[in-house]
Amino acid sequence: MVRRIEVSGAGGVRLAAWEFTDPPKAGAGREGARGPGVLLLHGLLGRAAHWAETARWLSTRHRAVALDQRGHGRSDKPAEGPFDRSTYVDDAEAAVEQLGLAPVTLIGHAMGALTAWQLAARRPDLVRALVICDMRASALGAASQREWAEWFRSWPVPFATLADVRKWFGEDDPMLERPNPARGDFFAEVMAERSDGWRPAFSCRQMLKARETWVRDAHWEELALVQCPTLVVRGLDGQLGRAEAQEMVRVLPRGQYAEVVDAGHLVHYDQPDGWRRAVEPFLASALPV
């Protein structure tokens with residue numbers, strides 16, 4: 001069962017959360033009926049639905065909720081934001097508290113992982129465990145932001161069909177080193193049909209605005225403040241290199257490391273079985289039943 005729940009984020013922005021677990025039986029305690037709370041945070045350009053497979057296996061032992069972050073999915077996309085780091089963390093904090101998920105396990109991919117560890121650093125009382133999926137702690141720099149702006153301009157929008165979306169992002173995108181059908185499927189999920197064809201369901205301008213607030217800064221100091229057990233997961237061909245990932249584990253007071261072979265940046269989407277094998281043992285040890 002999947003049900004939509006509305007959350008009021010920072011400044012009253014309406015956020016859509018998706019719970020992948022059956023509601024509790026009458027008279028049962030919250031955690032006893034649903035299991036420990038888990039909040040799943042997608043990356044930039046993503047949406048909560050990208051966590052569907054992960055959330056379904058999590059829901060056998062946990063209360064799994066995925067959040068459409070502001071500017072994404074079914075959540076509000078305020079024209080002028082804000083889209084700064086503090087606001088994204090405020091939104092995640094509001095979701096944890098309003099949904100009664102604390103003490104929560106945060107699982108984040110890319111930008112969502114940064115939001116997760118910034119919340120864990122700010123509110124250690126709310127966070128029980130943390131999984132960081134393919135997100136760097138180092139600054140990416142201004143050149144990276146220019147590359148993303150150029151990449152957005154290269155998209156041949158509108159796409160005539162979803163098959164065209166899958167082909168371009170899975171085969172024809174010049175950023176690809178080799179074909180990746182899962183990547184095509186990933187982007188097909190974030191397109192919306194308009195009168196002239198298929199276009200992104202998000203604003204590229206807003207995405208660049210959100211990205212601008214974190215690509216120029218390093219985030220090692222906040223990482224060092226995370227007190228809970230933390231797993232750093234990287235795809236073997238992802239954006240987070242092995243040396244940096246292992247340094248992140250060293251900086252984390254209670255860090256652990258895992259990597260998934262044959263996975264790129266979209267670790268949980270590229271290789272869901274390998275992702276599960278990496279994450280499930282960590283959760284079992286960090287959240288003993």
Side-chain angles (χ1 to χ4, degrees), residues 2 4 16 18 20 40-58 64 66-75 77 107-113 133-135 144 147-208 210-211 233-240 259-279:
V2 182
R4 177 175 170 173
W18 307 86
F20 290 77
L40 298 135
L41 298 170
H42 61 75
L44 193 71
L45 315 187
R47 62 179 304 179
H50 287 144
W51 288 114
E53 186 163 348
T54 296
R56 289 192 178 101
W57 62 257
L58 279 171
L67 182 69
D68 277 333
Q69 297 181 79
R70 65 174 54 213
H72 300 77
R74 298 291 183 86
S75 289
K77 302 168 179 62
I107 300 179
H109 172 246
M111 182 192 77
C133 179
D134 213 66
M135 179 62 191
S144 170
E147 289 166 3
W148 267 64
E150 292 169 5
W151 178 52
F152 280 143
R153 287 193 291 270
S154 76
W155 293 11
V157 292
F159 295 93
T161 68
L162 283 179
D164 293 328
V165 173
R166 292 186 176 95
K167 185 175 186 302
W168 196 84
F169 286 101
E171 299 177 24
D172 300 337
D173 185 347
M175 287 187 68
L176 276 174
E177 294 183 359
R178 58 180 178 273
N180 184 345
R183 187 173 184 267
D185 292 339
F186 181 96
F187 278 95
E189 289 197 50
V190 295
M191 295 291 157
E193 190 172 20
R194 311 297 186 195
S195 59
D196 59 350
W198 293 84
R199 293 178 177 273
F202 48 78
S203 159
C204 293
R205 179 186 65 84
Q206 290 182 348
M207 297 299 98
L208 285 174
R211 195 172 186 272
V233 184
R234 63 178 291 269
L236 205 59
D237 297 317
Q239 296 177 7
L240 175 61
E259 62 183 29
V260 180
V261 297
D262 299 325
H265 177 57
L266 307 174
V267 182
H268 59 298
Y269 208 87
D270 279 345
Q271 297 294 335
D273 293 337
W275 161 253
R276 181 174 181 176
R277 287 193 297 270
V279 173

Using every non-hydrogen atom in the two residues, find where Asp172 and Lys167 come nearest and quote the distance to one decimal. OD2-NZ, 2.8 Å
Determine the minimum heavy-atom distance between Arg234 and Val267, stating which atoms define it. C-CG2, 4.1 Å
Working to the nearest 0.5 angstrom, can you tell me the gap between Glu53 CD and Phe20 CZ? 11.0 Å
Are the side chains of Asp270 and Asp262 in touch, meaning some heavy atoms are under 4.5 Å apart? no
Does the side chain of Val233 reach to within under 4.5 Å of the side chain of Val260, using non-hydrogen atoms? yes
Would you please indicate if the ring centroids of His42 and Trp51 are separated by under 6.0 Å? no
Please examine the side chains of Cys133 and Trp275, heavy atoms only from C-beta on, and report whether any two atoms are closer than 4.5 Å. yes
Between Gly43 and Ala110 the two heavy atoms that sit nearest each other are CA-CB, 4.2 Å
CE (Met111) and CZ (Arg211) are apart, to the nearest 0.5 Å, by 11.0 Å
Can you measure from CG (Leu40) to NE2 (His50) and round to the nearest 0.5 angstrom? 13.0 Å
Are more than 12 heavy atoms, taken from residues, nucleotides or ligands other than Arg276, located less than 6.0 Å from that residue's CZ atom? yes
Side-chain heavy atoms of Glu189 within contact of Tyr269, under 4.5 Å: yes
Can you confirm whether Pro200 sits close enough to Phe152 that some side-chain heavy atom of one is under 4.5 Å from a side-chain heavy atom of the other? no
Can you check side chain to side chain contact (heavy atoms under 4.5 Å, CB included) on Met207 and Trp148, steps first, answer last? CA-CA 10 Å; Met207 297 299 98; Trp148 267 64; 5.8 Å; no
Would you call Ile107 and Leu58 a side-chain contact if the rule is heavy atoms closer than 4.5 Å? yes
For a quick test of reading the model, state the closest non-hydrogen atom pair linking Ala113 to Gly108 and the distance between them. CB-O, 3.2 Å
Let me confirm one number: the CD-CG distance from Glu259 to Asp134, rounded to the nearest 0.5 Å. 11.0 Å
Do Phe159 and Phe169 have ring centroids that are under 6.0 Å from one another? yes
For Trp198 and Asp164, does a side-chain donor sit closer than 3.5 Å to a side-chain acceptor? no
Drop me the distance from Gln206's CD to Lys77's NZ, to the nearest 0.5 angstrom. 8.0 Å
Specify the closest pair of heavy atoms between Arg194 and Ala201, including all atoms of both residues, with the distance to one decimal. NH2-CA, 4.2 Å
Close side-chain approach of Leu44 to His72, heavy-atom, < 4.5 Å: yes
Measuring from atom CH2 of Trp151 to atom CG of Asp173, what distance do you get when rounded to the nearest 0.5 angstrom? 6.0 Å
If you compare all heavy atoms of Ala55 against all heavy atoms of Ala64, which two are closest, and at what distance to 0.1 Å? O-CB, 3.8 Å
Validation row: Arg166, Asp185 side chains within 4.5 angstrom (heavy atoms): yes
